[in-house]
Amino acid sequence: MRYAVLSDIHANLEALRAVLADCRGEVDGAVCLGDLVGYGADPIPCIELLAERAVALVAGNHEYGVTGKLALGWFNSYARAAAAWTAEQLDVDHRAYLGSLALTALVAEATLVHASPSRPDEWEYLITAEEGFDAFSAFDTRLCFIGHSHRPAYWSLGATGPVWGSGAFDIALESGRRYLVNVGSVGQPRDRDPRACYAIWDRTARRITIRRVTYDVAEARRKIIAAGLPRLLADRLENGT
Ligand code: ZN
């Protein structure tokens, strides 16, 4: 059994299509860790593709923002402008769908959550070694997949001591160890690599592998500018920041 694990799509249809094409025929399903919308120009096609393809989805802070569950004052000015624009694009059905997403979900031996398994609705960033290791007491499954920082990373605890790594990785899941894995961002990578980022979770081979996929950045940028969204949201796609 193999899953594609996707997070932080951010209404970037070009990146989402490229990722789905990259794993087509290789995976049994996709799971999504939230932030389907916000920043990009294609919220509705991205919601529809993910609703159709994903076997499990959880809400991110952008779903909470556009459905009124999180005050937009929480967001920085670019995210706030994008959330307000996105909220205008959504019809009643798409808004209700995003509003129906839970904060956590379970798929096999994995917990799915957007930001942190401890207090998922406080949208904490887990970046450092310490921040990741501190979160292990907040989930009781063997694996926990997260997004939110838009940077791939993993933390592992077991009898032979803690292990932490960031950037691209390909890890073998050892018995007796637990793992917290950030799968990076499909639609707005922030690790200075502009390619779309996601993970393949191979339950049979017991591996988790980060994949990077080239997509049509120019087209995604063009649509963001044409929609009147902040120009910075287009420009940051070019250099992955
Ligand atoms: Zn995000």
Side-chain angles (χ1 to χ4, degrees), residues 4-16 19 30-43 46-47 49-50 54 57-67 69-87 89-90 98-99 101-105 112-117 119-127 131-132 135 144-153 166 180-199 210 212-213 215 217 220-221 224 229-230 232-237 239-241:
V5 189
L6 278 48
S7 191
D8 296 276
I9 294 87
H10 285 296
N12 185 335
L13 183 61
E14 285 68 35
L16 177 59
V19 160
V31 302
C32 176
L33 308 176
D35 280 7
L36 288 67
V37 301
Y39 302 135
D42 281 310
C46 287
I47 294 168
L49 258 181
L50 289 161
L57 301 97
V58 295
N61 49 301
H62 282 260
E63 279 72 60
Y64 264 47
V66 298
T67 57
K69 292 182 183 177
L70 179 62
L72 294 186
W74 187 92
F75 290 94
N76 69 41
S77 61
Y78 302 107
R80 191 160 60 238
W85 179 88
T86 302
Q89 313 303 311
L90 298 179
L98 295 184
L101 299 177
L103 285 167
T104 61
L112 313 182
V113 62
H114 182 66
S116 169
R119 302 181 298 275
D121 60 348
E122 292 189 9
W123 316 110
E124 289 174 278
Y125 288 95
L126 305 183
I127 309 268
E131 286 163 352
C144 178
F145 287 107
I146 60 170
H148 194 45
S149 72
H150 298 205
R151 294 183 182 94
S166 60
L180 174 69
V181 175
N182 191 317
V183 301
S185 169
V186 170
Q188 196 198 74
R190 294 180 191 161
D191 59 348
R192 302 194 172 276
D193 182 340
R195 293 175 298 170
C197 186
Y198 76 106
I210 291 290
R212 301 306 289 246
V213 186
Y215 73 95
V217 173
R221 291 187 74 246
I224 287 171
L229 285 157
L232 174 121
L233 298 176
D235 291 344
R236 66 188 307 175
L237 297 181
N239 41 24
T241 56

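Start at 1 and go down the list; that is how both ligands and their atoms are numbered. Positions are given from 1, in the same order as the sequence printed here.
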Kindly write out the residues that satisfy salt bridge (Lys or Arg N to Asp or Glu O under 4.0 Å) with [X], not counting sequence neighbours, or none if the list is empty.
X	result
D235	R221, R231
D191	R212
E124	R119

| said: Could you check whether Y64 and W74 have their ring centres less than 6.0 Å apart? | reply: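 Not under 6.0 Å, so no.
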
| Counting heavy atoms not belonging to Y78, are there more than 12 under 6.0 Å from its OH? |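 Check fails, neighbour count at 12 or below.
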
| message | Quick one: does any side-chain atom of Q89 pair with a main-chain N or O of T86 as donor and acceptor, under 3.5 Å? | response |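 No.
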
| request: At a cut-off of 2.8 Å, list the protein N/O/S atoms near the Zn ion (ligand 1), residue plus atom name. | output: D8 OD1, H10 NE2, D35 OD2, H150 NE2

